Amino acid sequence: MAAESFTMRDGERTIRFGEGLAAEAPGLLSQGGFDGYTLLTTERAASVLPSPSPVFVPPGLVDEISARLLQQVAEGPLVAVGGGRVIDTAKAIAGVTGARVAAIPTTLSGAELTPFHRTPAGVDGARMVRPSLVIADPRLMASQPGPELWASAMNALAHGMEALYTPLANPVAEAVVLRGAEAIWNEELAFGALLCSWASGITGFAVHHATCQNLVRAADSPHAATNAVMLPHFARMMAGRVPGVMGAFAQALGDPAGDPGAAAGQAAKLAARSGHTRLATLGVEEAHLPQVAAAVMLHPALGNTPEPPEEDELLALLRGAL
């Protein structure tokens, strides 16, 4: 938990962060112009914001889910209460309908703070959307069971790490990421995740997330845990490519010397709390790896990586994580 609450205006977006804000959500939504909204949520999160006719977001891939739900969503604003899948689905639908989106996160995914998401399958012309109102209650964000919570935190930490070295990396984002990484190391998970994800939203992501996205699609592995397993491996790879920022990242994660080579080990200590340290325990098999490596070579985010790995290097890294 972060000790202080705050309200932040960022362009067209308002971010509210503070303990107890989930209980104030109806009033905050009304103040933000979200009357007559459609609620997208899950069975786990439905009690956060009662609605007579919620739209439940099923498991699956966002492009497929959003295409199925597009016709079920009424005109007007959307409110997403849930994790990354729910919030990204709302963003994807809004990218077609033009609706405003409010997000109340129940995990540390960071989807509420980024304009990145899949678009509905078979629909042309969809745009990228970010929520214009974020209601971030740290108790709700950190409400998952322990292993799932730490997997979600590692996804956020990976957002932060990649924000340090994409082409849009900048001193503002770097300062935010390092404070966020320090917060996650000190178990202020919700605050740290918010900072890392905010930085990712303005800088973009690189090979780590491109690879994890393709692993999830190829092997149906859980998204957050896949990020947790892969984070130390990519931290090790990037230590030699961008030693300056990776040394600062290592220091934020508790290494007093700021050794870039220590970032992987420090990240691994946290990632192990997710309960998984190998891809094999997530259902990934050797047969998946060549297709994943080949797909990453075509991913636009690969070019955001300093000295982008060739397919052989990435395949070797994946096999090391199996």
Side-chain angles (χ1 to χ4, degrees), residues 38-45 54-132 151-152 155-156 158-159 162 197 200-201 204-227 230 282-284 288 291-304:
T38 297
L39 175 65
L40 277 70
T41 189
T42 63
E43 296 284 353
R44 181 178 90 87
V55 175
F56 289 108
V57 178
L61 301 174
V62 167
D63 50 352
E64 298 173 359
I65 297 168
S66 58
R68 292 202 304 271
L69 296 183
L70 194 54
Q71 304 306 317
Q72 298 182 34
V73 174
E75 292 185 6
L78 304 175
V79 177
V81 181
R85 183 182 77 255
V86 175
I87 296 172
D88 278 351
T89 296
K91 288 154 60 176
I93 292 171
V96 175
T97 66
R100 295 174 67 220
V101 177
I104 304 175
T106 62
T107 72
L108 307 177
S109 78
E112 69 278 7
L113 293 166
T114 70
F116 315 131
H117 53 85
R118 299 276 178 172
T119 57
V123 179
D124 295 327
R127 62 188 179 91
M128 295 291 105
V129 170
R130 70 178 190 175
S132 59
S152 189
N155 182 29
H159 281 136
E162 295 205 294
S197 300
S200 178
F205 58 89
V207 67
H208 168 94
H209 275 89
T211 302
C212 290
Q213 287 176 4
N214 278 287
L215 280 167
V216 169
R217 294 182 80 84
D220 197 28
S221 57
H223 180 267
T226 301
N227 276 273
M230 294 308 304
L282 300 175
V284 179
H288 294 124
Q291 70 183 86
V292 169
V296 173
M297 293 300 107
L298 303 176
H299 197 294
L302 179 66
N304 290 341

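Quick caveat, the model's predicted, so the values are computed rather than measured.
Taken from CG in Leu302 to CE in Met297, the straight-line distance is 5.0 Å, to the nearest 0.5 Å. Between the OG atom of Ser197 and the CG atom of Asn155 there is a distance of 7.5 Å, given to the nearest 0.5 Å. Within the model, atoms CG of Leu39 and CD1 of Ile104 stand 8.0 Å from one another, a figure rounded to the nearest 0.5 Å.
Here the side chain of Arg130 pairs no donor or acceptor atom with the backbone of Gly201 at under 3.5 angstrom. Distance alone, capped at 3.5 Å, is enough to place a donor-acceptor pair between the Lys91 side chain and the Phe116 backbone. For the pair Glu162 (side chain) and His208 (backbone), a donor-acceptor distance under 3.5 Å is present.
Residues Pro58 and Ile65 meet the side-chain proximity criterion, which asks for heavy atoms closer than 4.5 Å. By the 4.5 Å heavy-atom criterion applied to side chains, His288 and Leu215 are not counted as neighbours. With a 4.5 Å cut-off on side-chain heavy atoms, Arg85 and His223 do not count as touching. Annotation: side chain of Thr97 is not in contact with side chain of Val73 (no heavy-atom distance under 4.5 Å).
A pairwise comparison of heavy atoms in Ser221 and Leu282 identifies CB-O, 3.6 Å as the closest pair. In this structure, Leu78 and Ile93 approach most closely via the heavy-atom pair CD1-CG2, 4.0 Å. Nearest heavy-atom pair, Pro59 versus Arg68, reported as atom, atom and distance to 0.1 Å: O-NH2, 4.5 Å. The shortest non-hydrogen separation linking Ala92 to Val62 is CB-CG1, 4.2 Å. In terms of heavy atoms, Asn214 sits closest to Val292 at O-CG2, 3.8 Å. The two residues Pro131 and Ala103 make their nearest non-hydrogen contact at CG-CB, 3.9 Å.
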Quiz: residues 119-129 side-chain donor-acceptor pairs under 3.5 angstrom, not counting sequence neighbours:
none

Checking Gln213 against Phe205 for the side chain to side chain contact (heavy atoms under 4.5 Å, CB included) test, could you report, in this order, the C-alpha distance in whole Å, the side-chain angles of both residues, the deciding distance, and whether it holds? CA-CA 11 Å; Gln213 287 176 4; Phe205 58 89; 3.5 Å; yes
Just do the side chain to side chain contact (heavy atoms under 4.5 Å, CB included) check on Thr106 and Val86 with the steps written out, would you? CA-CA 10 Å; Thr106 62; Val86 175; over 6 Å; no
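Residues forming a side chain to side chain contact (heavy atoms under 4.5 Å, CB included) with Leu61 (at least two apart in sequence, or on another chain): Asp63, Glu64, Arg217. Partners of His117 by ring-ring contact (aromatic ring centres under 6.0 Å, His included), not counting sequence neighbours: none found.
Using the six-membered ring where Trp is involved, His209 and His159 have ring planes that are parallel, under 30° apart on the 30 and 60° scheme.
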